[in-house]
Amino acid sequence: MSMLLSPVELAGLSLKNRVVMPPMCMYEVKAEDGLPTAFHHAHYGARAIGGVGLIIQEATAIEPDGRLTKHDLGLWNDDQKDALSALVAELHAFGAKVGVQLGHGGRKSADAPTPYAPSAIPFDDSYNAPQEMTLADIKRIKAAFVASAIRADQAGYDMIELHGAHGYLINQFLEPMTNQRTDAYGGSLENRFRLLKEIVEEIRKVFSKPIWVRLSVTSYDEAGNTLEDYQHISKWLEKLGVAALDISTGGLLPIRPNIPIYGGYQAGFSAKIKEVVTIPVTAVGLLNSPELCEYILQNGQADLIQVGRGLIRNTNWLADAAEVLHDHDYKVYNNSYKRGQVR
Ligand SMILES: Cc1cc2nc3c(=O)[nH]c(=O)nc-3n(C[C@H](O)[C@H](O)[C@H](O)COP(=O)(O)O)c2cc1C
């Protein structure tokens, strides 16, 4: 059996394989109320039937002005909690574990009239200028993260992931270019880490399921945090009881990094973080080749593999991967799906 498709106990979860669907915003909430629609049921349901071990629901806002766009899902009220709990129950019935990525867009909240940010520095001309968060704003947003985590628990999610990557609010706090505060939340790396630290600490008091954190471990700008800084942050997160680290890159600045993009282009970053922590680390980024995924796992560069666009293209990605890896033990959803694999 392949490592990729074998069951595993990891990061506080009992998973039927190591394939994770990473959070991917669908911008399908046309009613702008943060509620899931028939689309979300079909979209996630197809991936659950397709055998994904863990589905992490797209970035889901903790408050309306923290949405990346007004078409995002939300968990800031109980109607959303109730509607999402029906989605979670459905995905569980199809055999998937289900998580939700909780996030706040900060200065990249595209539809907020005056977005919140650590410092009043706009992302670029196309976004509204943000306001620097007061200590009261920080307190409110921390409380909103906690309230959303409680709702996620009540809705039946198996884990939550805090969105600390891609230039959204938590990432803005972590990075010196976007955080020029002079209070306890700015300045040193420890201070810039404080918001994330306090969010994790406060959620831990009320949420006993696994908490994962997604980080962009480089901004692709020399003025940003170094990989070594993110190794420190990773160790601090492990100490705080975070169950796994989801390692990504970029998104902080309106730049297109001049880097080679190839299958596994971010896996080296996962491996670097894995060197300094004992908690599981995921790899993501053009991991479309099952052989490459298996190689990364077998060589200990990461513990879980995230397949994003590959799963958008092909809901049957895992069954095809089983063929490529000659994994004869892998079971598709039912016998009719098995017949579908006969060419
Ligand atoms: C349509 C789309 C939406 C995305 N939305 C999110 C998101 O909500 N949260 C997040 O952390 N990353 C998001 N991402 C990034 C993916 O989670 C993933 O890291 C990225 O696509 C690289 O993996 P892939 O090459 O397997 O697609 C998104 C990517 C795509 C293609």
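All values below come from the heavy atoms of this structure, side chains included, with hydrogens, waters and symmetry mates left out. Start at 1 and go down the list; that is how both ligands and their atoms are numbered. In this chain, residues are counted from 1 in sequence order. All values reported here derive from a predicted model rather than from experimental measurement.
- Distances from ligand 1 to the non-hydrogen atoms of Ala165 include no value under 4.0 Å.
- For atom 10 (C) of ligand 1, the closest heavy atom belonging to the protein is Arg214 NH1, 3.2 Å.
- Of the candidates Val284, Leu287, Val307, the one placing a heavy atom closest to atom 23 (O) of ligand 1 is Val284.
- For ligand 1 and Ala59, the ligand atoms under 4.0 Å from any heavy atom of the residue are 8 (O).
- Classification of Lys235 and Glu238 as a salt-bridged pair fails, no side-chain N sitting under 4.0 Å from a carboxylate O.
- Given atom 1 (C) of ligand 1, the protein heavy atom at minimum distance is Cys25 O, 3.9 Å.
- Ligand 1 has no nitrogen or oxygen under 3.5 angstrom from a nitrogen or oxygen of Ser248.
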Next item on the list: With salt bridge (charged side-chain N to carboxylate O under 4.0 Å, His left out) as the test, would you mind laying out the steps for Lys205 and Glu201 before giving the verdict?
Entry: CA-CA 7 Å; Lys205 288 183 202 152; Glu201 281 172 346; over 6 Å; no
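- For Asp78 (side chain) and Lys81 (main-chain N/O), no donor-acceptor pair under 3.5 Å exists by modelled atom type.
- Not a single N or O atom of Glu161, backbone or side chain, sits closer than 3.5 Å to an N or O atom of ligand 1.
- Remark: Asp153 engages Lys209 in a salt bridge, criterion side-chain N to carboxylate O under 4.0 Å.
- Here the heavy atom of the protein found nearest to atom 7 (C) of ligand 1 is Pro23 O, 3.3 Å.
- The shortest contact between atom 9 (N) of ligand 1 and any protein heavy atom is with Gln101 OE1, 2.8 Å.
- In this structure, the side chain of His166 does not engage the main chain of Tyr168 through any donor-acceptor pair within 3.5 Å.
- Checked for salt-bridge contact, Arg67 and Asp72 miss the test: no charged N lies under 4.0 Å from a carboxylate O.
- Between Asn288 and ligand 1, not a single N/O pair is under 3.5 Å apart.
- Nearest non-hydrogen protein atom to atom 26 (O) of ligand 1 is Gly308 N, 2.8 Å.
- In terms of protein heavy-atom proximity, atom 31 (C) of ligand 1 is closest to Arg309 CG, 3.6 Å.
- Using a 4.0 Å cut-off between a side-chain N of Lys or Arg and a carboxylate O of Asp or Glu, Glu132 and Arg107 do not qualify as a salt bridge.
- Ligand-side atoms of ligand 1 in range of Pro22: 17 (O), range being under 4.0 angstrom from any heavy atom.
- The cationic atom of Arg151 (NZ for Lys, CZ for Arg) does not lie both less than 6.0 Å from the six-membered ring centre of Tyr157 and within 45° of the ring axis.
- Salt bridge absent: Asp65 and Lys108 never bring a charged side-chain N and a carboxylate O closer than 4.0 Å.
- Considering only non-hydrogen atoms, atom 30 (C) of ligand 1 lies nearest to Met24 out of Met24, Gln266, Glu58.
- Annotation for ligand 1: atoms under 4.0 Å from non-hydrogen atoms of Gly285 are 22 (C), 23 (O), 25 (O).
- Listed for the Asn334 side chain is a donor-acceptor partner under 3.5 Å among the backbone atoms of Tyr337.
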